[in-house]
**Q** 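Have a look at the structure that comes next, please.
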Amino acid sequence: MERIPLSFNATNPCNGEFITFNGTLSFFIKSGTSPSGDNIHQNIHFYLHGQGTGNLGNEYVYNDVRINTSNANFKGEKPSKISQSEISSNFTNTIISKGSASNFTIHAVLHTTFNANGEVTAEVEVLNTECRG
């Protein structure tokens with residue numbers, strides 16, 4: 001598993017506080033090819049943990065678990081000619097206040113499908129935030 005130090009910013013949607021986080025991104029990649037060789041499948045698992053301080057003085061802990069999935073289909077073509085591909089990401093971020101500020105979660109589902117010319121043929125984006133007291 002790879003580990004990368006990371007700094008990033010977020011805004012608490014419950015109180016508008018701007019938060020600066022420092023943490024570690026860990027990830028691993030799992031890939032496979034179908035027995036016929038016509039399909040390639042790849043999963044990338046991300047784990048992000050960090051701590052941050054907001055401009056109102058609140059301290060937070062950030063946890064993110066994310067799985068990105070990609071598939072490519074060659075339909076009997078050479079690997080240089082992809083007939084269709086898709087990318088999906090599903091993640092839930094949990095941001096916990098160490099004090100009286102509201103905790104919150106961010107959940108997203110993203111999915112994009114491409115044709116052989118690399119053009120987007122379908123796209124889904126669902127993003128929800130929830131204040132949790």
Side-chain angles (χ1 to χ4, degrees):
M1 185 177 296
E2 296 288 324
R3 289 179 170 45
I4 300 169
L6 190 63
S7 295
F8 57 96
N9 300 312
T11 300
N12 183 334
C14 310
N15 65 5
E17 185 171 25
F18 183 79
I19 309 162
T20 301
F21 287 96
N22 292 296
T24 303
L25 173 66
S26 304
F27 67 94
F28 68 91
I29 300 170
K30 182 180 176 184
S31 299
T33 304
S34 66
S36 65
D38 288 352
N39 294 293
I40 295 175
H41 178 78
Q42 183 177 63
N43 281 334
I44 305 173
H45 296 256
F46 294 94
Y47 305 96
L48 177 60
H49 176 75
Q51 297 197 26
T53 303
N55 64 329
L56 300 177
N58 296 301
E59 294 182 357
Y60 295 88
V61 176
Y62 182 98
N63 292 296
D64 178 359
V65 177
R66 187 175 303 200
I67 300 172
N68 288 358
T69 302
S70 62
N71 293 293
N73 187 310
F74 300 106
K75 297 237 186 204
E77 300 289 337
K78 295 179 181 178
S80 61
K81 176 102 171 132
I82 296 174
S83 61
Q84 179 181 339
S85 63
E86 62 184 11
I87 300 170
S88 296
S89 182
N90 183 347
F91 63 89
T92 300
N93 303 336
T94 304
I95 298 87
I96 301 167
S97 168
K98 292 183 176 182
S100 61
S102 293
N103 304 327
F104 62 99
T105 60
I106 303 167
H107 180 75
V109 176
L110 311 169
H111 182 83
T112 307
T113 303
F114 304 89
N115 65 18
N117 297 322
E119 300 163 333
V120 175
T121 57
E123 190 169 32
V124 174
E125 288 185 19
V126 178
L127 179 65
N128 296 306
T129 60
E130 181 180 353
C131 298
R132 296 207 166 184

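The structure displayed is predicted, hence computed values, not measured ones.
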**Q** Taking C-beta and beyond as the side chain, do Val65 and His45 meet within less than 4.5 Å on heavy atoms?
**A**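 No, too far: nothing below the 4.5 Å cut-off.
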
**Q** Given the rule that I, L, V, M, F, W and Y join up when any side-chain heavy atoms are under 4.5 Å apart, are Leu6 and Ile19 in one cluster?
**A**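 Same cluster: Leu6 reaches Ile19 through Ile, Leu, Val, Met, Phe, Trp or Tyr contacts under 4.5 Å.
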
**Q** Check whether any side-chain N or O of Asn103 sits under 3.5 Å from a backbone N or O of Ser97 as a donor-acceptor pair, and report yes or no.
**A**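 At least one qualifying donor-acceptor pair exists.
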
**Q** For Asn22 and Ser7, indicate whether the former's side chain and the latter's backbone hold a donor-acceptor pair under 3.5 Å.
**A**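 Answer holds: no.
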
**Q** Under 3.5 Å, is there a donor-acceptor pair between the side chain of Asn115 and the main chain of Glu119?
**A**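 Yes; at least one donor-acceptor contact below 3.5 Å.
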
**Q** With the 4.5 Å side-chain cut-off for hydrophobic clustering, are Leu25 and Ile44 part of the same group?
**A**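 Hydrophobic grouping puts Leu25 with Ile44.
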
**Q** Are Gln42 and Ile29 close enough that some pair of their side-chain heavy atoms sits under 4.5 Å apart?
**A**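 The answer is yes, as the side chains (C-beta and beyond) meet within the 4.5 Å cut-off.
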
**Q** Check the side chains of Glu17 and Asn58 for a donor-acceptor pair under 3.5 angstrom, ignoring hydrogens and angles.
**A**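 Note: Asn58 and Glu17 side chains meet the donor-acceptor criterion.
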
**Q** Roughly how far apart are Asn71 CG and Ile87 CD1, rounded to 0.5 Å?
**A**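 Asn71 atom CG to Ile87 atom CD1 measures 10.0 Å (nearest 0.5 Å).
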
**Q** Hey, is CD on Glu2 packed in by over 12 heavy atoms from elsewhere, all under 6.0 Å?
**A**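 No.
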
**Q** Step by step, would you call Val61 with Lys98 a side-chain contact (heavy atoms from CB on, under 4.5 Å)?
**A** CA-CA 7 Å; Val61 176; Lys98 292 183 176 182; 3.6 Å; yes

**Q** With no hydrogens and no angle check, is any side-chain donor or acceptor of Thr121 less than 3.5 Å from a backbone partner on Thr113?
**A**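 Judged by distance alone, yes, a pair lies under 3.5 Å.
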
**Q** Please report the interatomic distance OG(Ser26) to CG(Asp64), rounded to the nearest 0.5 Å.
**A**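 Rounded to the nearest 0.5 Å, the OG-CG separation comes to 11.0 Å.
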
**Q** Side chains of Thr24 and Ile4, heavy atoms from C-beta outward: is any pair under 4.5 Å?
**A**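 Side-chain contact under 4.5 Å: no.
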
**Q** Are Leu48 and Ile106 linked, directly or through intermediate hydrophobic residues, by side-chain heavy-atom contacts shorter than 4.5 Å (ILVMFWY only)?
**A**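 Ile106 clusters together with Leu48.
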
**Q** Got Thr129 and His107 here, is their nearest side-chain heavy-atom distance under 4.5 Å?
**A**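 No, side chains not in contact.
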
**Q** At what distance, to the nearest 0.5 angstrom, does NE2 of His41 lie from CD of Glu86?
**A**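 Rounded to the nearest 0.5 Å, the NE2-CD separation comes out at 9.0 Å.
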
**Q** Can you tell me if Ser34 uses its side chain to pair, donor with acceptor, with the backbone of Asn39 under 3.5 Å?
**A**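 Pair found, side chain donor or acceptor close to backbone of Asn39.
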
**Q** For a 4.5 angstrom cut-off between non-hydrogen side-chain atoms, does Ile96 reach Tyr60?
**A**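 SC-SC contact between Ile96 and Tyr60 ruled out.
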
**Q** Verify the ring-centre separation between Tyr62 and Phe8: is it less than 6.0 angstrom?
**A**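 Aromatic pair counts; centres sit under 6.0 Å.
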
**Q** Look up atom CG in Asn12 and atom SG in Cys131, then write down how far apart they are to the nearest 0.5 Å.
**A**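 These two atoms lie 6.5 Å from each other.
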
**Q** So do Ser102 and Arg132 actually touch side chain to side chain, heavy atoms under 4.5 Å?
**A**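 Of all side-chain heavy-atom pairs linking Ser102 with Arg132, none is under 4.5 Å.
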
**Q** Any idea which heavy atoms bring Phe21 and Ala10 closest together, and the distance?
**A**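 Shortest heavy-atom contact: CE1-CB, 3.9 Å.
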
**Q** Which distance, rounded to the nearest 0.5 Å, do you find between the CD of Glu125 and the CG of Leu110?
**A**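 The CG atom of Leu110 is 5.5 Å from CD of Glu125, to the nearest 0.5 Å.
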
**Q** Any side-chain donor-acceptor pair under 3.5 Å between Tyr47 and Asn63?
**A**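 Their side chains do not contain a donor-acceptor pair, so the 3.5 Å distance test is not met.
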
**Q** Counting C-beta onward and ignoring hydrogens, is there a side-chain heavy-atom pair between Phe114 and Val120 closer than 4.5 Å?
**A**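 Side-chain contact under 4.5 Å: yes.
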
**Q** Taking C-beta and beyond as the side chain, do Ile67 and Phe91 meet within less than 4.5 Å on heavy atoms?
**A**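 In short, these two side chains do not touch, never coming nearer than 4.5 Å.
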
